[in-house]
4 protein chains.
Amino acid sequence: MFATKGFAQTTVRDIADAAGILSGSLYHHFRSKEAMLTELLSGFLDGLNARFTEIVESGVDPQADLDGLIAESFRTIHRERLAVALYQNEASFLATVEGFEFVAERSRDNEALWIRVIEAGQASGAFQASLDPALTYRFIRDGVWSTVSWYRPGGRHTPETLAEQYLKLLHAGILA
Amino acid sequence: MFATKGFAQTTVRDIADAAGILSGSLYHHFRSKEAMLTELLSGFLDGLNARFTEIVESGVDPQADLDGLIAESFRTIHRERLAVALYQNEASFLATVEGFEFVAERSRDNEALWIRVIEAGQASGAFQASLDPALTYRFIRDGVWSTVSWYRPGGRHTPETLAEQYLKLLHAGILA
Amino acid sequence: MFATKGFAQTTVRDIADAAGILSGSLYHHFRSKEAMLTELLSGFLDGLNARFTEIVESGVDPQADLDGLIAESFRTIHRERLAVALYQNEASFLATVEGFEFVAERSRDNEALWIRVIEAGQASGAFQASLDPALTYRFIRDGVWSTVSWYRPGGRHTPETLAEQYLKLLHAGILA
Amino acid sequence: MFATKGFAQTTVRDIADAAGILSGSLYHHFRSKEAMLTELLSGFLDGLNARFTEIVESGVDPQADLDGLIAESFRTIHRERLAVALYQNEASFLATVEGFEFVAERSRDNEALWIRVIEAGQASGAFQASLDPALTYRFIRDGVWSTVSWYRPGGRHTPETLAEQYLKLLHAGILA
DNA sequence: GATGAATGAGTATTCATTCAT
DNA sequence: TATGAATGAATACTCATTCAT
């Protein structure tokens, strides 16, 4: 519900109704509405970081690493669609909220990891040296992760076709 | 304020305080909080559609058109940063709100216009034929417009450098 | 508008809109919303009392007087329908409002006048002596004046047919 | 409070104050201010209709039925004075309000029931044939029910004396 | 582990009235 | 005479949270 309606727009009563209990009873399980958000987001971010780290640590070369990160991103969008949407929608708001510093931290870790891969690719001659690594990272990140706003499992696309199409565009560009 | 805090998170009192009047006095100027949002969004979307249409109608070839649309997007992000952020944040929520049908309509118009340009480029041989036009449009749109979430005027980048970097990546791809 | 929507439910803006000016401008003509009500009600009540007094003062016998008062009531309902409705709806509320003491006073004057006629009729042997004069007055008053809530000029009834039907019932009763 | 001050003039805070809780807490018990009105009115109207129906169904002849309906009306004014006042004051306003259609329906049912009794009395020769049944109903209804605006339990009158006096006037008329 | 009643701060909106222009 | 901007108090309603049971 946080993902689809937004955290602020979701009432504790909404959640309790969906759970089949009264709103007051939720406080037996969570200390606050924010605590529910924390649990959802930290679980998601921990898992994502672990998988990203694993990809890079066991990687062979920068291009394979970048392709792997992108493919894993699309798989994550497929597997944890609502968590991704929640993160996309609320991350900027949470950046300033006390107790949610871990969200910005995890984001910075991810950014550093991706940029290191891009820079390694430029150093090895695999990637164009004239591209700004930070900028390139953001363009890729936004293009990939925004997919969550329109991707629907069971629709025309699978995580695999999305990755394939995206990588084709990213590798060789749009020009024939 | 709608752009930075979100529409629902912005109170009428916030706005009135910023305007230096009492919250009730705002209703002399706007019939409702939603009416303020309508005025902001419809003005922005009308202008954007007009400029996009002008670019395509006076265009010479598909590649120049696409480059022009992208450059205009970055200029719009620079010039109307808050309106763009507002649109990015609220468009999906507004899709279901009565009275805001015009937002989804304008979005569909834009999408159709961009996709026509991509298809024309494929037909003329300028763009790779194996790319899915709708998917390519969305990857580009998201990569370009998400820039608004981190772009700050007066920072390291200008709309021109952003467009230049983005087009370099888009044209030839990341591989050397 | 006071008669149809109620005084409290009618806004100063409603009145100004109907008058084709802005609400603030009404205060050039009336000191307050209550002042408008005063003007409407006092005019109505003054006229009604004058006509009732005239009927009784120039009357010949109690039955003719009572019939005359009733016929004049139905004519008033026809001629000043909205004023009557306003009075019926707001009188009890106004009884406690400062500045509207004249409404209760006029009502008491009327009541005394009608009761005198009934008592005179009982004294002369024209009316049944066993009826409680005050109670009889109230039954008649309510039966007659409540007509305003459903009477519509141009409908099935005229003030004359209403008076005729009412007097037939009142004079001889319902039993055959 | 709805009966004495009017529904629109009664604030939710008034009610909460009288209940000794905060205004927001009322919404734990009622979904809206209108829901409170609905509960009050539907209970009253259901009971009244049931008693009226019972009187007519177990009745012996039209005159006894009519007398019974009138006596029951005065008893209801005594027993449920505030509910009657509420109904008298708000019925016309509620006729147009969504969700309160049941009020007009119940009123129409009552009207039809009373008129059938009057027409039966005319057919049997008990009531004067020259009286308009619908008109006679309205004169009686208004004379009887308006009593609520001035009746006070514990005062000079009881429901029994009121019924007796009213029926004397209605049966034989005012003339000696 | 859940209920249900209550809190208290807040939210958009309404409206009679004022007043400089 | 009228405007239009503003006030300030009030209004119905919302909602995260608490807590005795």
Side-chain angles (χ1 to χ4, degrees), chain A residues 1-2 5-17 19-37 97, chain B residues 1-2 5-17 19-37 97, chain C residues 1-2 5-17 19-37 97, chain D residues 1-2 5-17 19-37 97:
Chain A
M1 301 181 86
F2 289 164
K5 307 174 52 169
F7 176 70
Q9 279 67 51
T10 303
T11 72
V12 173
R13 183 117 91 201
D14 289 337
I15 300 167
D17 284 352
I21 58 177
L22 289 179
S23 65
S25 308
L26 272 180
Y27 287 79
H28 186 72
H29 306 275
F30 296 93
R31 280 188 37 228
S32 69
K33 189 184 171 191
E34 285 195 349
M36 303 182 209
L37 185 57
V97 179
Chain B
M1 301 182 86
F2 288 164
K5 306 176 52 167
F7 176 70
Q9 280 65 53
T10 303
T11 71
V12 172
R13 187 118 80 197
D14 289 337
I15 300 167
D17 284 351
I21 58 177
L22 290 179
S23 67
S25 307
L26 271 180
Y27 288 79
H28 184 68
H29 305 277
F30 297 92
R31 279 184 48 211
S32 69
K33 188 183 168 192
E34 285 197 348
M36 303 182 209
L37 185 57
V97 180
Chain C
M1 301 181 84
F2 288 163
K5 307 174 52 167
F7 176 70
Q9 279 67 51
T10 303
T11 71
V12 173
R13 182 118 89 200
D14 289 336
I15 301 167
D17 284 353
I21 58 177
L22 290 179
S23 64
S25 309
L26 272 180
Y27 287 79
H28 187 72
H29 305 276
F30 296 93
R31 278 187 39 225
S32 69
K33 190 184 169 190
E34 285 194 349
M36 304 182 208
L37 184 59
V97 180
Chain D
M1 301 182 85
F2 289 163
K5 306 176 52 167
F7 175 70
Q9 279 67 52
T10 303
T11 71
V12 173
R13 184 120 80 196
D14 289 337
I15 299 167
D17 284 351
I21 58 177
L22 290 180
S23 67
S25 306
L26 273 180
Y27 288 81
H28 184 68
H29 306 275
F30 297 94
R31 279 183 49 212
S32 68
K33 189 184 168 189
E34 284 196 350
M36 304 181 208
L37 184 58
V97 179

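Computed from a predicted structure; not experimentally measured. Naming: A, B, ... by sequence-line order, numbering from 1 per chain.
- In this structure, CG in D14(B) is found 4.5 Å from CE in M1(B), a value given to the nearest 0.5 Å.
- The side chain of V12(C) sits closest to dT17(E) out of dA2(F), dT17(E), dA5(E).
- In this structure, the CZ atom of R13(D) is 12 Å from the C1' atom of dA9(E), given to the nearest Å.
- For the pair S32(D) and G20(B), both in contact range of DNA chain F, the more 5′-proximal nearest nucleotide belongs to G20(B).
- A close approach under 4.0 Å does not occur between any side-chain nitrogen or oxygen of H29(B) and OP1 or OP2 of dG4(F).
- The side chain of S25(D) contributes an N or O atom lying less than 4.0 Å from OP1 or OP2 of dT7(E).
- Whole-Å rounding puts the D17(B) CG to dG10(E) C1' distance at 14 Å.
- Spacing between atom CZ of F30(B) and atom P of dT14(E) amounts to 15 Å, rounded to whole angstrom units.
- Residues K33(B) and L37(B) fail the side-chain proximity criterion, which asks for heavy atoms closer than 4.5 Å.
- Position along DNA chain E of the nearest nucleotide to Q9(C) versus G24(A) favours G24(A) as the more 5'-ward residue.
- Annotation for I21(A) and S25(A): closest pair CD1-CB, 3.8 Å, computed over non-hydrogen atoms.
- Among the atoms of the strands shown, only primed sugar atoms or phosphate atoms (P, OP1, OP2) are found under 4.0 Å from some heavy atom of T11(D).
- The distance from atom CG of L26(D) to atom C1' of dT7(E) is 13 Å, rounded to the nearest whole Å.
- A16(D) approaches L26(D) most closely through the heavy-atom pair N-CD1, 3.8 Å.
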Quiz item: Dot-bracket, DNA chain F: Watson-Crick or G-U, under 3.5 angstrom, [ ] crossing, | other strand?
Solution: .||||||||||||||||||||
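- Not one side-chain nitrogen or oxygen of Y27(D) sits closer than 4.0 Å to the OP1 or OP2 atom of dT14(F).
- Not one side-chain nitrogen or oxygen of H28(B) sits closer than 4.0 Å to the OP1 or OP2 atom of dC15(E).
- Comparing E34(C) and I21(A), the nucleotide of DNA chain E nearest to each residue sits closer to the 5' end for I21(A).
- Within 4.0 Å of S23(D), counting heavy atoms only, lies at least one base atom of the nucleic acid.
- Between the CD1 atom of I15(B) and the P atom of dA12(E) there is a distance of 8 Å, rounded to whole Å.
- Closest approach of Q9(A) and K5(A) over heavy atoms only: CB-O, 3.0 Å.
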